[in-house]
Amino acid sequence: MKRTFRFALLLSTICATPALAQAPACGGNFAQFLQGVKAEAVAKGVSEEVATRALRNASIDNKVLSRDRAQGVFRQTFLEFSRRSVSSNRMQVGAKKMKQYANTFDRAETEYGVPAAVITAFWGLETDFGAVQGDFNTMNALATLAHDCRRPELFRPQLIAAVEMVGHGDLDPNGTTGAWAGEIGQVQMLPRDIIEFGVDGDGDGHVNLKTSSEDAIMTAARFIKSLGWRAGEPWFAEVSVPSGNFPYEKSGLDGGMTLNDWTALGVTFPNGTPTSQNLPADLLFPQGRNGPAFLAFPNFSIYLEWNQSFIYTTSAAYFATRLAGAKPYDAGNPGNGLDDGAMKQLQQKLQARGHDVGKIDGILGGGTRAAVRAEQLHLGLPADGWPDQTLLNKL
């Protein structure tokens, strides 16, 4: 699954270099814009021949602009998305890939500390293990989005980096394709990140994330380590929570609890208790206290760096636990959530009460979940962060 619903393009965190004075940073005449990009690339050390060749046939792709303007919001529940994305076929193919590339995965864990299951889960969700990588010309996509003045600070550096990749022999300006937002290869990475974290896993002298699974595995491992992965520690674990008078208000991200605190409260582990009892651990209820429950450890923050969607990240982390040997979660019997209109109404009411829920968009994100827990606690309801009609009515 390509990360086309990511609004922040989390793999790009470096600000753009100021555009040269003789050409617009974005907008205006496209040919003049490309001249400015070319001059900037040359100033960074790219040869004029390479820069000319890289940008010679670049053109505006209106389908990219249409896709950018029409990005859909992520409204599936955890049960819906995780059941679809962590399918039996993906589990079987993932297991085969882990066996097929066992030596590469061993090397990745030795050098970067990232387990095979974690890399494989991202690999499967991003592109179905390389089967669906996107068919947009990468140079055109990046040139289009860099020229467009909506987010040039994100895309102009990526376009410059793509020109650099042409010089390295790792990108064909006419033939390389990927996602509409410029991500390339089996693990869908942007050019600046490929340049910074790319690893030649197969020893051919190039980093080709499109055709080389070894390159993709090693590059993903290095990138995940750069996000702060802590070797030898868990990332996510299904738990069972005792019924009755449980402190649900302590759930949610950044709750300040440890694994030892939760076990003292009666939380148990169907797949075996992690050994590091003093690890920070956040109790997550993706669909409320009557649905699946998980503890998220410090390594879970890497998933949030990879993708901001709470449902995607919890599903990706769960997928990795399954590939590592965990059993399927207990779905429980979660209550009905709110539809789009009711969720927006809830966000408006929460905002009116002083809560920061971000944009009124109908999405149950982190800010909305935290506000829901606060109001549930205030109203004497179990504070599990899952909004329903009862809470909306009380508000």
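Since this is a predicted model, take the numbers as computed values, not measurements.
Among pairs with a residue in residues 239-356, none fulfils disulfide bond (SG atoms under 2.5 Å apart), at least two apart in sequence or across chains. Identified under the disulfide bond (SG atoms under 2.5 Å apart) test for residues 178-225, with sequence neighbours left out: none. Screening residues 120-228 for disulfide bond (SG atoms under 2.5 Å apart) gives C26-C149 as the qualifying pairs, with residues at least two apart or on separate chains. A disulfide bond (SG atoms under 2.5 Å apart) check over residues 281-375, counting only residues at least two apart or in different chains, returns nothing. Contacts classified as salt bridge (Lys or Arg N to Asp or Glu O under 4.0 Å) and involving residues 369-390 (residues at least two apart or in different chains) are given here: R289-D384.
Listed by chain and residue number, D340 satisfy the salt bridge (charged side-chain N to carboxylate O under 4.0 Å, His left out) test with K344 (two or more places apart in sequence, or in another chain). Applying the side-chain contact (heavy atoms from CB on, under 4.5 Å) criterion to R230, with sequence neighbours excluded, gives E233, L279, P298, N299. For A54, the side-chain contact (heavy atoms from CB on, under 4.5 Å) partners two or more places apart in sequence, or in a different chain, are M139, V163, V166. Annotation: side-chain contact (heavy atoms from CB on, under 4.5 Å) contacts of S47 (sequence neighbours excluded): E49, V50. With sequence neighbours excluded, the residues forming a side-chain contact (heavy atoms from CB on, under 4.5 Å) with A121 are F319, A320, L323, listed by chain and number.
Checked against the 6.0 Å centroid threshold, Y318 and F236 do not count as a close aromatic pair.
With a 4.5 Å cut-off on side-chain heavy atoms, E40 and R156 count as touching.
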For residues 240-257, tabulate all N or O donor-acceptor pairs below 3.5 Å that involve a side-chain atom, not counting sequence neighbours.
residue	atom	partner	partner atom	Å
S251	OG	Y248	O	2.6

Using distance only, find each side-chain donor-acceptor pair of residues 56-64 under 3.5 Å and give its atom names and separation, not counting sequence neighbours.
residue	atom	partner	partner atom	Å
N57	ND2	N174	OD1	3.1
D61	OD1	K63	N	2.9

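Taking both residues in full, the closest heavy atoms of Q186 and S213 are given as OE1-OG, 3.2 Å, listed atom of the first, atom of the second, then distance.
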